[in-house]
A.B. asks: 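Can you read through this structure? Questions will come right after.
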Amino acid sequence: MVIAMIPFTLLAQTVGWELAPTDYASIVRFGPNLYQVKQKGKIGLIHSDGTEVVPVKATSIGGFHENLALVTVDESKESHRILGVLNTKGIYTPFAQSYYTLNGQEFYSDGVLSVMDGNGKKGYIDEVGNVVCGFDKKYELIKPFTEGYAAVWDGSNSFNLINKNGRPYPLTLPEDMVGRTISYVYNPIGGKVLFFDDFGKCYKYSLTEKRCEKLDIKKANPPLPTDYLFRPKMVLENIDEQVLSAAPFTKLPAGKIGISPTKENGKFGFSEIGKPILPCQLDSATVFEDDLSIVSLGGKWGILKYYSQQQDFSLSTPQAYIDFDGGSIVSCQFELQVPSAWNGKQMNVTLNDKDTKDIVSHTNDAGLYTFQLKPEHSIKKSYDVTVASEGLLLWTGEVSYTLKKKAVGLEISSLVLDHNVTDPNYRVPGSFTIYNPNENEVTADISFTHSSLIREIGGYPKSVTLKSGERRRVEFFIETTNRRGDWKHTIGVSSSKGGATSLTMEVKTL
């Protein structure tokens, strides 16, 4: 039988809002302290506390290459405008000018990005959106930079290799290939450049030795769409279809995995080693990662933070046993201890009578909660206590009180005497009523007092035992002196367990 809840001395765990429920349509972890949010068909990035990193205006945030990721918005099926660049430290740089991605080249390489401007001209920009080179010529095709160079085509019959100043590198054919032109160039790999002439002959050029040699490989129409940047090194020896069609993007690292949600009656909550941390109430919840969980509640999305080494929610009662006087109002109190993560926050505490399920009105003074009862008899009362804050049901507990009605004296009343003496021994019969108002059986001794004209009082039990609520009529007699006439007699009766009454009346002695 629970009498009171004693505060736990062991440290425990709790959760609280890192980001209170928002109007975002969804929240997804993107990386350490970075969360992708969606609203009205657009996406952006926020920190876990809701601070905006990337405005919710994008349609895509790419993978990372060279520690940079493109943030773009689709203006049409073919046109993807670059809003800015995000680095792996979570720093976002918006672009002042409008640039557009090139198909298959949505990544930084060699520190620069190949793009197209609003006028359709192609060129290269750095990680803050400043022009590196290009845009001054009408390039039909440009490729990402590798090892300081990029292959470009201006629409004529010749490819060029340019540096980051936009100057062409003088690739030369062997002397016996006079009259031939360079029709296709691969980007440098390992200081070597592969290219084809207009007859489909393949050559390897060493940038360090500035020497060109012919390879016994013929490929009249190299597949442009599959040659962007990355190819196995063996291509240097044998140009084949073994090429990579896109940059090997990476994602930000995963965080430290914590506890997983539990499910009950279709709702989610958290517990650890069987001990509830948050009662099941969430519509959805993810595993804690870096002590943060993405949850939905009531159609809104938010982020919960896990707090370890916290004092648990607990209740204590300054007075679990309460003695009361019958018919009086009793004040019951309990103290609520909360984890430090919730200190200073408004706690919504609800008290329900376990028997009637009624809500009990109470007051709160600095964590000391008080409510009042008017019990009729001794009783044990238990109450369910729920604690909520910021839209979360945080904890449920129970508090109990044993109410003991105080013992009171017996009640003696209706003392009467026959006013005439009819007994030859001068005895006058009388009686009184004795009542036990207590909840327990009471045994009491009976005693009388009397005036001097009364010789003795007898005929009554020396003690009586009364059950709870029992009322009994007790008879007795008084024996007077034998003097004839009308005399006033005074008697009093009392019990050892309280209660007394007296009577003075004239008795006619015959």
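Each residue takes its place number in the sequence, starting with 1. Just so we're clear, the structure is a prediction, and the values are computed from it rather than from any experiment.
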A.B. asks: Look at D312 together with K275 and state whether they make a salt bridge at an N to O cut-off of under 4.0 Å.
C.D. replies: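 Salt bridge between D312 and K275, a charged N being under 4.0 Å from a carboxylate O: yes.
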
A.B. asks: Using modelled atom types only, decide if a donor and an acceptor are shared between the side chain of D126 and the backbone of V132 within a distance under 3.5 Å.
C.D. replies: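 Judged by distance alone, no pair lies under 3.5 Å.
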
A.B. asks: In terms of heavy-atom contacts, does NZ of K57 have more than 12 from other residues, nucleotides or ligands at under 6.0 Å?
C.D. replies: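 Counting neighbours around NZ of K57, 12 or fewer heavy atoms of other residues, nucleotides or ligands fall under 6.0 Å, so no.
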
A.B. asks: How about S284 and S296: does a side-chain donor come under 3.5 Å of a side-chain acceptor?
C.D. replies: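 There is such a pair between these side chains.
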
A.B. asks: Checking F268 now: which residues fulfil ring-ring contact (aromatic ring centres under 6.0 Å, His included) with it, not counting sequence neighbours?
C.D. replies: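 ring-ring contact (aromatic ring centres under 6.0 Å, His included) list for F268, sorted by chain: empty.
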
A.B. asks: Working note: F288 + Y306, criterion ring-ring contact (aromatic ring centres under 6.0 Å, His included); need CA distance, chi angles, decisive distance, verdict.
C.D. replies: CA-CA 8 Å; F288 275 99; Y306 172 86; 5.6 Å; yes

A.B. asks: Tell me whether D136 is salt-bridged to K121, with the criterion being a basic N under 4.0 Å from an acidic carboxylate O.
C.D. replies: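 No.
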
A.B. asks: Kindly check if the number of other-residue, nucleotide or ligand heavy atoms within 6.0 Å of NZ (K251) is above 12?
C.D. replies: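 Atom NZ in K251 is not packed in, count stays at 12 or less.
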
A.B. asks: Apply the test side chain to side chain contact (heavy atoms under 4.5 Å, CB included) to residues T14 and W395: give CA-CA distance (whole Å), side-chain angles for both, the deciding distance (0.1 Å), then the verdict.
C.D. replies: CA-CA 10 Å; T14 188; W395 184 77; over 6 Å; no

A.B. asks: Checking salt bridge (Lys or Arg N to Asp or Glu O under 4.0 Å) for the pair D176/K214: CA distance, chi angles, key distance, verdict?
C.D. replies: CA-CA 10 Å; D176 59 346; K214 181 181 177 182; over 6 Å; no

A.B. asks: Between D110 and E147 (side chain of the first, backbone of the second, donor and acceptor by atom type, cut-off under 3.5 Å), is there such a pair?
C.D. replies: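 Side chain of D110 to backbone of E147, a donor-acceptor pair under 3.5 Å: yes, one is there.
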
A.B. asks: Once ring pair (Phe, Tyr, Trp, His ring centres under 6.0 Å) is applied, what residue pairs with a partner in residues 355-377 remain, sequence neighbours excluded?
C.D. replies: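 Output for this query lists F334-Y369, H362-Y369, F371-Y383, F371-Y401.
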
A.B. asks: Donor-acceptor pair, T72 side chain versus H80 backbone, under 3.5 Å?
C.D. replies: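 A pair under 3.5 Å: no.
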
A.B. asks: Let me see the working for Y24 and Y35 under side chain to side chain contact (heavy atoms under 4.5 Å, CB included), right down to the final yes or no.
C.D. replies: CA-CA 11 Å; Y24 291 128; Y35 292 82; over 6 Å; no

A.B. asks: side-chain hydrogen bond (donor to acceptor under 3.5 Å, both in side chains) between N160 and Y169: does it pass, once the steps are laid out?
C.D. replies: CA-CA 7 Å; N160 285 316; Y169 184 89; over 6 Å; no

A.B. asks: Applying side chain to side chain contact (heavy atoms under 4.5 Å, CB included) to S293 and F270, what does each step give before you reach the verdict?
C.D. replies: CA-CA 10 Å; S293 170; F270 293 94; 3.5 Å; yes

A.B. asks: In terms of side-chain geometry, is the basic nitrogen of E289 or K256 positioned less than 4.0 Å from the acidic oxygen of its partner?
C.D. replies: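 So E289 does not pair with K256 through a salt bridge.
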
A.B. asks: Is K354 salt-bridged to D384, cutoff N-O under 4.0 Å?
C.D. replies: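 Looking at K354 and D384, the cut-off is met.
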
A.B. asks: Ignoring hydrogens and angles, state whether a donor on the side chain of N33 or S48 is under 3.5 Å from an acceptor on the partner side chain.
C.D. replies: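 Yes, because at least one side-chain N or O of N33 sits under 3.5 Å from a partner of the opposite role on S48.
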
A.B. asks: Determine whether more than 12 heavy atoms belonging to other residues, nucleotides or ligands lie under 6.0 Å from atom CD1 of I257.
C.D. replies: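 Atom CD1 in I257 is crowded, with more than 12 foreign heavy atoms closer than 6.0 Å.
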
A.B. asks: Pair Y108, F145 - check ring-ring contact (aromatic ring centres under 6.0 Å, His included), show working.
C.D. replies: CA-CA 9 Å; Y108 274 83; F145 268 86; over 10 Å; no

A.B. asks: Could you check whether Q13 and S308, counting side-chain N and O atoms only, form a donor-acceptor pair closer than 3.5 Å?
C.D. replies: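 Absent: no donor and acceptor within the cut-off.
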
A.B. asks: Test the R81-Y99 pair against the cation-pi criterion, namely NZ or CZ under 6.0 angstrom from the six-membered ring centroid and within 45° of the ring axis.
C.D. replies: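 Geometry flag: not set, cation outside 6.0 Å or 45°.
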
A.B. asks: Find out whether N364 and T370 are in side-chain contact, i.e. whether some heavy atom of one side chain is under 4.5 Å from a heavy atom of the other.
C.D. replies: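 No, too far: nothing below the 4.5 Å cut-off.
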
A.B. asks: Under 4.0 Å between a side-chain nitrogen and a carboxylate oxygen: does that hold for K381 and D355?
C.D. replies: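 Yes.
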
A.B. asks: Flag yes if more than 12 heavy atoms outside E175 fall under 6.0 Å of its CD atom; otherwise flag no.
C.D. replies: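 Incorrect, the count does not exceed 12.
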
A.B. asks: With Y139, which residues qualify under ring-ring contact (aromatic ring centres under 6.0 Å, His included), at least two apart?
C.D. replies: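 Result, ring-ring contact (aromatic ring centres under 6.0 Å, His included) vs Y139: none returned.
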
A.B. asks: Taking side-chain contact (heavy atoms from CB on, under 4.5 Å) as the criterion, tell me which of I162, L207, V185 meets it with Y149.
C.D. replies: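 So, applying the side-chain contact (heavy atoms from CB on, under 4.5 Å) to Y149 and each of I162, L207, V185, only L207 qualifies.
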
A.B. asks: List the steps and the verdict of salt bridge (Lys or Arg N to Asp or Glu O under 4.0 Å) for K305 and D291.
C.D. replies: CA-CA 6 Å; K305 184 174 179 63; D291 291 335; 5.3 Å; no

A.B. asks: Roughly how far apart are N343 CG and Q337 CD, rounded to 0.5 Å?
C.D. replies: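 Taking CG in N343 and CD in Q337, the distance rounds to 11.0 Å.
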
A.B. asks: Taking atom types as modelled, find out whether E75 and Y100 have a side-chain donor-acceptor pair closer than 3.5 angstrom.
C.D. replies: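 On atom types as modelled, these side chains qualify, holding a pair under 3.5 Å.
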
